[in-house]
Visitor: 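Below you will find the structure I want to go over with you.
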Amino acid sequence: MIQHIKTHAIQHNIPIITDDVANILTHVIQTYQLKSVLEIGTATSYSAHVMAQAGAEVWSIERNKERFEIAQAFVEKSHLKHNIHLIYDDALTHACENKTFDLIFIDAAKSQYINFFNKYEQYLHPHGMIVVDNLYFHHLKPSLVKRHTRQLLKKLEKFKEFIQSHQEYESKIMPYGDGVCISVKNIDRFQDLESKIDIFIKNKREH
Ligand SMILES: C[S@@+](CC[C@H](N)C(=O)[O-])C[C@H]1O[C@@H](n2cnc3c(N)ncnc32)[C@H](O)[C@@H]1O
């Protein structure tokens, strides 16, 4: 099913996480026993399936009706259906159930990353982590793109400043996928996380 969702996404130009990011999410879920995930940006449920396959229970929010319905159809047929809960809503205004998550994965509108982070970090378990995808935005150069894209690049720069100066989180932006940021509060629990991920990805790429 996961491969089928991935192929469908590629054929229909639906953006999904890269293999490296899928491997990182799987690795952190399994290594740190992250049991519950809140995902912002389901698309058609590829990444939700990756994380459920790794052993987590996933709650995932999508505001695009067409994508949500495709995701629903995939999940209904999936052997992981009991571990994926799809929510059709705008994550910016969604009233989140009062529970905590071990992992919050933000993969939605880039212009809203600070808002997503600020709205949802209260739902993070103190020993959990927040992963944000697509921080590089293809390394586009502000001087070579149109105004709208330039605004998005500015917002991503603001997010990077915001996350790196955040008092409560230790964050690393890693060169996987299109730039992936991992933020944790409990540094002791995630000692050497960056180098562990580097070694893990290197091994994965070699095999
Ligand atoms: C990059 S795609 C997600 C890909 C997915 N995580 C995967 O790898 O399979 C981003 C998705 O976020 C959704 N999105 C953007 N802003 C959102 C919001 N405010 N609330 C909910 N979904 C949003 C878009 O409709 C889009 O489907």
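When a ligand or atom number is given, it counts from 1 through the structure's own listing order. Excluded from the calculations below are hydrogen atoms, water molecules and symmetry mates; all remaining heavy atoms, backbone and side chain alike, are included. Numbering starts at 1 and runs along the sequence shown.
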Visitor: Would you mind telling me if ligand 1 is within reach of the side chain of Thr42, the backbone, both or neither, using heavy atoms under 4.0 Å?
Guide: backbone
Visitor: If the cut-off is 4.0 Å to any non-hydrogen atom of Tyr46, which atoms of ligand 1 fall inside it?
Guide: 9 (O)
Visitor: State plainly whether the residues Arg67 and Glu62 are in salt-bridge range, i.e. N to O under 4.0 Å.
Guide: no
Visitor: For ligand 1, is there an N or O atom under 3.5 Å from any N or O atom of Gly41?
Guide: yes
Visitor: When the ring planes of Phe200 and His27 are compared, do they come out parallel, tilted or perpendicular, using 30° and 60° as the limits?
Guide: parallel
Visitor: Tell me, please, whether Phe137 has Lys110 positioned over its six-membered ring: NZ or CZ under 6.0 Å from the ring centre and within 45 degrees of its axis?
Guide: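 Because its charged atom sits under 6.0 Å from the ring centre and within 45° of the axis, Lys110 does stack over Phe137.
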Visitor: CE of Met51 to CG of Leu38: how many Å apart, nearest 0.5 Å?
Guide: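 With rounding to 0.5 Å, CE (Met51) is 9.0 Å from CG (Leu38).
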Visitor: Among all protein non-hydrogen atoms, which one is nearest to atom 20 (N) of ligand 1, and what is the separation to 0.1 Å?
Guide: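 The closest heavy atom on the protein side is Ala91 N, 2.8 Å.
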Visitor: What is the ring orientation for His166 with Tyr169, classed by angle as parallel under 30°, tilted 30 to 60°, or perpendicular over 60°?
Guide: perpendicular
Visitor: If the plane angle is over 60° it's perpendicular, under 30° parallel, otherwise tilted; pick one for Phe159 and Phe162.
Guide: tilted
Visitor: Side chain of Thr18, backbone of Val21: donor and acceptor closer than 3.5 Å?
Guide: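 Confirmed, Thr18 side chain pairs with Val21 backbone.
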Visitor: Report, in ascending order of atom number, the atoms of ligand 1 lying under 4.0 Å from any heavy atom of Asn64.
Guide: 25 (O)
Visitor: May I ask you to list the atoms of ligand 1 that are less than 4.0 angstrom from any heavy atom of Glu39?
Guide: 6 (N)
Visitor: Give the residue and atom name of whichever protein heavy atom lies nearest to atom 17 (C) of ligand 1, and the separation in Å to one decimal.
Guide: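 Result: Arg63 NE, 3.4 Å.
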Visitor: Would you mind running through ligand 1 and noting each atom that sits below 4.0 Å from a heavy atom of Asp90?
Guide: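 Selected atoms, number and element: 18 (C), 19 (N), 20 (N).
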Visitor: Show which atoms of ligand 1 fall inside a sub-4.0 Å distance from at least one heavy-atom site of Arg67.
Guide: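 Every atom of ligand 1 under 4.0 Å from some heavy atom of Arg67: 26 (C), 27 (O).
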Visitor: Determine whether the side chain, the backbone, both or neither of Phe68 has a heavy atom under 4.0 Å from any heavy atom of ligand 1.
Guide: neither
Visitor: May I ask you to identify the nearest protein heavy atom to atom 2 (S) of ligand 1, giving residue, atom name and distance to one decimal place in Å?
Guide: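 Checked against all protein heavy atoms, atom 2 (S) of ligand 1 sits closest to Pro15 O, 3.6 Å.
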Visitor: More than 12 heavy atoms of other residues, nucleotides or ligands under 6.0 Å from NZ of Lys172: is that the case?
Guide: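 No, not enclosed.
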Visitor: Any idea which protein heavy atom is nearest atom 24 (C) of ligand 1, and the distance to it?
Guide: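 Its nearest protein heavy-atom neighbour is Glu62 OE2, 3.4 Å.
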Visitor: Could you check atom 8 (O) of ligand 1 against the protein and tell me its nearest heavy-atom contact, residue, atom and distance included?
Guide: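 Answer for atom 8 (O) of ligand 1: Ile17 N, 2.9 Å.
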Visitor: Ignoring hydrogens and angles, tell me if any N or O in the side chain of Tyr113 forms a donor-acceptor pair with the backbone of Asp133 under 3.5 Å.
Guide: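 Between the backbone of Asp133 and the side chain of Tyr113 there is a qualifying donor-acceptor contact (under 3.5 Å).
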Visitor: Just to be sure I read this right, does ligand 1 sit under 4.0 Å from the backbone of Asp89, its side chain, both, or neither, counting only heavy atoms?
Guide: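 Contact part for Asp89 vs ligand 1: backbone (N, CA, C, O).
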Visitor: Taking all atoms of both residues into account, what is the closest heavy-atom pair of Met129 and Leu34, and its distance?
Guide: CG-CD1, 4.2 Å
Visitor: Please state which protein non-hydrogen atom is closest to atom 10 (C) of ligand 1 and give its distance, to 0.1 Å?
Guide: Asp107 O, 3.0 Å
Visitor: Could you check atom 14 (N) of ligand 1 against the protein and tell me its nearest heavy-atom contact, residue, atom and distance included?
Guide: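 I find the closest protein heavy atom is Ala108 CB, 3.7 Å.
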Visitor: Would you check if the side chain of Arg63 reaches a backbone N or O of Asp89 as a donor-acceptor pair within less than 3.5 Å?
Guide: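 No; judged by distance alone, with no hydrogens or angles, the pair does not exist.
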Visitor: Which of the listed options, Ser111, Ala48, Ser47, Ala109, holds the heavy atom that is closest to atom 6 (N) of ligand 1?
Guide: Ser47
